[in-house]
Asker: 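Please find one structure pasted underneath; my questions will follow.
The analysis underlying the following values was restricted to heavy atoms, covering all of them including side chains, and did not include hydrogens, waters or symmetry mates. Bear in mind that the values here come from a model prediction, so they are computed numbers and not experimental data.
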Amino acid sequence: MSNFSALAMAPRDPIMGMTEAFLHDPSPAKVNLGVGVYLDESGKVPLLSCVSEAEKELTSTSRPRSYLPMPGMEEYNLANQELVFGPSSVAVSEGRVASLQSVAGTGALRVGAGLLALASPKATVLLSNPSWENHELIFTRAGFTVGSYRYYDSTTGGVDVAGMLEDLRQAPAGTIVVLHACCHNPTGCDLTPADWDQVLEVVRERELMPFLDMAYQGLAYGLEEDRYAVTLFASSGIPFVVANSFSKNFALYGERVGGIHFAARDSEEAGRVMSQAKIVVRSLYSNPPTHGAALVSTILGSSQLRGLWEQELSAMRDRIKKMREAFRSGLESAGITRDLSFITTQEGLFSYSGLSAEQMGRLREEFHVYGLDSGRLCVAGLNESNMDYVVSSVATVMGS
């Protein structure tokens with residue numbers, strides 16, 4: 001008899017499993033548009049110049065590797081607060097925001113879920129339909145019952161704002177609502193500022209708890225524009241949570257650098273939240289790692305390096321938009337007559353292509369172009385070298 005006897009074989013993670021299949025595919029024509037990673041024009045994860053310069057600065061002096069405090073590196077948390085909430089945030093200046101360094105965005109979500117499980121153990125969590133696959137796993141493993149609200153409208157290729165608001169109005173007080181602050185994963189369809197204003201009204205009216213996931217700040221319109229929802233909710237005075245990550249906008253995927261921020265009603269409440277959040281951290285990983293946070297805080301703390309980062313981030317954003325335009329233009333030139341405007345109106349790394357699971361299977365099996373069965377394609381994996389092949393492959397499948 002083994003304690004492991006009752007364990008069933010778990011299904012493969014849809015994204016990680018696809019990456020494994022891609023790596024084992026011997027085809028020289030293979031293209032990976034499944035994993036949510038920004039790739040440069042050469043098809044590689046870039047090492048940003050600002051990161052390289054910060055690394056040289058950090059490694060010029062040998063330093064001991066002692067434990068960080070449970071909330072993480074203080075200078076990192078302060079710099080992250082300024083980036084997420086803005087330099088003139090009243091919520092921050094009044095001490096209403098408790099911020100902790102996290103193990104990337106996934107760790108931030110898990111710490112936030114753990115804290116809310118202590119504060120509101122009977123609450124329901126609502127996710128957008130669809131949402132990032134890991135959202136449901138994170139919140140169910142934290143003990144929550146997870147439901148959904150309408151979000152993607154397949155007929156328009158955009159957001160079903162009316163349906164979303166209607167579902168939120170039906171939610172009981174205290175319901176935790178997970179919202180994508182920008183660059184919605186997996187659809188690429190974002191709320192407009194006017195839409196966010198309506199969401200705030202419903203959240204305040206129904207006394208819901210917003211949990212904003214901001215993993216892609218700066219990759220839609222810009223750093224300030226992409227934090228619109230955060231600054232809106234912060235100015236309202238309502239309690240909410242924000243998780244953010246530097247995996248994408250700093251290309252620091254393997255360093256696992258992120259943050260979790262709890263916006264409370266006042267500084268006294270923020271102090272109590274911080275005390276409990278530290279216990280959650282203690283039970284999960286005790287202390288966050290040093291190097292990635294040191295890189296980010298060095299860059300954000302230097303006017304020269306921050307300026308360089310913002311230039312590089314802007315170039316990444318512009319390249320994604322260029323790939324969207326080329327992908328749409330190529331499909332239209334290949335004879336696809338359906339409305340493809342959604343490709344260029346969606347934002348961020350992902351595009352919901354409208355392809356069925358069967359069509360996505362054909363893309364993988366016949367053409368070695370990898371994307372999720374949901375139809376999600378990572379347009380940041382496109383470049384001038386693979387564009388024609390991907391367009392031809394998608395057009396063949398789309399037109400069949």
Side-chain angles (χ1 to χ4, degrees), residues 12-47 130 133 154 157 183-189 216 219-220 248 251 253 312 315-400:
R12 289 198 308 176
D13 180 273
I15 299 176
M16 300 304 179
M18 186 167 298
T19 300
E20 291 176 14
F22 172 80
L23 292 174
H24 288 94
D25 187 338
S27 172
K30 65 182 180 180
V31 180
N32 191 357
L33 303 181
V35 66
V37 171
Y38 175 85
L39 302 178
D40 61 19
E41 186 57 34
S42 65
K44 305 292 184 182
V45 173
L47 172 62
E133 291 87 349
S154 59
C183 303
H184 185 273
N185 181 3
T187 69
C189 302
Y216 306 94
L219 288 170
K248 275 74 176 179
Y253 302 94
E312 293 183 281
M316 292 163 67
R317 184 172 64 245
D318 290 345
R319 200 189 83 78
I320 292 172
K321 292 182 184 298
K322 180 182 176 182
M323 291 302 100
R324 286 185 177 278
E325 292 166 359
F327 187 42
R328 175 184 173 181
S329 175
L331 290 173
E332 290 172 342
S333 297
I336 301 300
T337 57
R338 59 171 290 197
D339 182 10
L340 299 174
S341 60
F342 64 89
I343 295 175
T344 49
T345 56
Q346 293 166 353
E347 296 294 340
L349 272 65
F350 307 115
S351 176
Y352 237 34
S353 65
L355 295 175
S356 67
E358 181 181 0
Q359 289 172 315
M360 294 302 294
R362 280 195 63 199
L363 267 183
R364 292 191 297 271
E365 293 160 16
E366 296 180 30
F367 301 99
H368 309 278
V369 175
Y370 287 75
L372 301 189
D373 281 348
S374 63
R376 191 194 84 171
L377 298 174
C378 181
V379 294
L382 294 169
N383 56 56
E384 291 184 2
S385 298
N386 65 28
M387 181 66 74
D388 289 345
Y389 179 72
V390 171
V391 165
S392 174
S393 302
V394 173
T396 300
V397 170
M398 190 176 282
S400 61

Asker: Are side-chain heavy atoms of L331 and I343 found at a separation under 4.5 Å?
Answerer: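 L331 reaches I343 side chain to side chain.
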Asker: If you measure from CZ on R319 to OH on Y38, what distance do you get to the nearest 0.5 Å?
Answerer: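 So the gap between those two atoms works out to 4.0 Å.
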Asker: Check G375 against S353 and note the closest heavy-atom contact, atom names and distance.
Answerer: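 Shortest heavy-atom separation between G375 and S353 comes out as O-OG, 2.7 Å.
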Asker: Out of curiosity, M323 CE to L39 CG, how far, rounded to the nearest 0.5 Å?
Answerer: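 That separation rounds to 12.0 Å.
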Asker: Between R364 and D373, is the side chain to side chain contact (heavy atoms under 4.5 Å, CB included) condition met? List the steps.
Answerer: CA-CA 10 Å; R364 292 191 297 271; D373 281 348; 2.8 Å; yes
Asker: Minimum heavy-atom separation for L33 and G381, please, with both atom names.
Answerer: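 In this case the closest contact between L33 and G381 is CD2-C, 3.6 Å.
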Asker: Ignoring hydrogens and geometry, is there a side-chain-to-backbone donor-acceptor pair from S333 to S329 under 3.5 Å?
Answerer: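 Here the side-chain-to-backbone pair exists.
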Asker: Apply side chain to side chain contact (heavy atoms under 4.5 Å, CB included) to F327 and L340, showing your working.
Answerer: CA-CA 10 Å; F327 187 42; L340 299 174; over 6 Å; no
Asker: Which atom pair, heavy atoms only, marks the closest approach of G36 to C378?
Answerer: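 Result for this residue pair: CA-SG, 4.4 Å.
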Asker: Answer whether the closest heavy-atom distance between the side chains of R324 and E347 falls below 4.5 Å.
Answerer: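 R324 vs E347: side chains apart.
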Asker: Is there a side-chain contact between P130 and Y352 in this structure, where contact means two heavy atoms from C-beta onward sitting under 4.5 Å apart?
Answerer: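 Yes; the side chains approach each other to less than 4.5 Å.
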Asker: Any side-chain heavy atom of V397 sitting closer than 4.5 Å to one from E366?
Answerer: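 They are not in contact (no side-chain heavy atoms under 4.5 Å apart), so the answer is no.
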Asker: Report yes or no: does E41 contribute a side-chain atom to a donor-acceptor pair with the main-chain N or O of E384 at less than 3.5 Å?
Answerer: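 Flag set: sc E41 to bb E384 pair under 3.5 Å.
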Asker: Kindly write out the residues that satisfy side-chain hydrogen bond (donor to acceptor under 3.5 Å, both in side chains) with S42, not counting sequence neighbours, or none if the list is empty.
Answerer: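 Result, side-chain hydrogen bond (donor to acceptor under 3.5 Å, both in side chains) vs S42: D40.
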Asker: Apply salt bridge (charged side-chain N to carboxylate O under 4.0 Å, His left out) to E332 and list each qualifying residue two or more places apart in sequence or on a separate chain.
Answerer: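 With neighbours one apart ignored, the set is R328.
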Asker: Got a second to check how far L349's CG is from Y216's OH, nearest 0.5 Å?
Answerer: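 Answer rounded to 0.5 Å: 6.0 Å.
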Asker: Within a 6.0 Å radius of atom NZ on K321, are there more than 12 heavy atoms belonging to other residues, nucleotides or ligands?
Answerer: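 Correct, the count exceeds 12.
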Asker: Which residues pass the side-chain hydrogen bond (donor to acceptor under 3.5 Å, both in side chains) test with T19, sequence neighbours left out?
Answerer: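 Per chain and number, T19 pairs via side-chain hydrogen bond (donor to acceptor under 3.5 Å, both in side chains) with no residue.
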Asker: Take L355 and M398 through the side chain to side chain contact (heavy atoms under 4.5 Å, CB included) test and state the conclusion after the steps.
Answerer: CA-CA 7 Å; L355 295 175; M398 190 176 282; 4.0 Å; yes
Asker: Quick one: pull up CE in M360 and OG in S374 and give me the separation to the nearest 0.5 Å.
Answerer: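 So the CE of M360 and the OG of S374 are separated by 7.0 Å.
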Asker: Could you give the distance from CG (L363) to NE2 (H368), rounded to the nearest 0.5 Å?
Answerer: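 Result: 11.0 Å between the selected atoms.
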Asker: Does G371 offer a backbone N or O that forms a donor-acceptor pair with the side chain of R376 under 3.5 Å?
Answerer: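 No; judged by distance alone, with no hydrogens or angles, the pair does not exist.
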Asker: Does the side chain of Q346 reach to within under 4.5 Å of the side chain of V379, using non-hydrogen atoms?
Answerer: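 No - every pair of side-chain heavy atoms lies 4.5 Å or more apart.
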Asker: Has S393 got a side-chain atom pairing as donor or acceptor with Y389's backbone, closer than 3.5 angstrom?
Answerer: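 A pair under 3.5 Å: yes.
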Asker: Between A380 and I320, which heavy-atom pair has the shortest distance, and what is it?
Answerer: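 Nearest heavy atoms, A380 then I320: CB-CG1, 4.3 Å.
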Asker: Measure across K248 and L219 and return the closest heavy-atom pair with its distance rounded to 0.1 Å.
Answerer: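 Distance-wise, the nearest heavy atoms are CB-CD1, 3.9 Å.
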Asker: In terms of side-chain heavy atoms, does D25 have a donor or acceptor partner in S27 at a distance below 3.5 Å?
Answerer: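 There is no such pair between these side chains.
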Asker: Can you name the closest pair of heavy atoms from P186 and F350 and give their distance?
Answerer: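 Minimum heavy-atom separation between P186 and F350: O-CB, 3.4 Å.
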Asker: Where do F22 and V35 land on the side chain to side chain contact (heavy atoms under 4.5 Å, CB included) test, with the steps shown first?
Answerer: CA-CA 10 Å; F22 172 80; V35 66; over 6 Å; no
Asker: How long is the gap from NZ on K30 to NE2 on H24, to the nearest 0.5 Å?
Answerer: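 Nearest 0.5 Å value for the NZ-NE2 distance: 9.0 Å.
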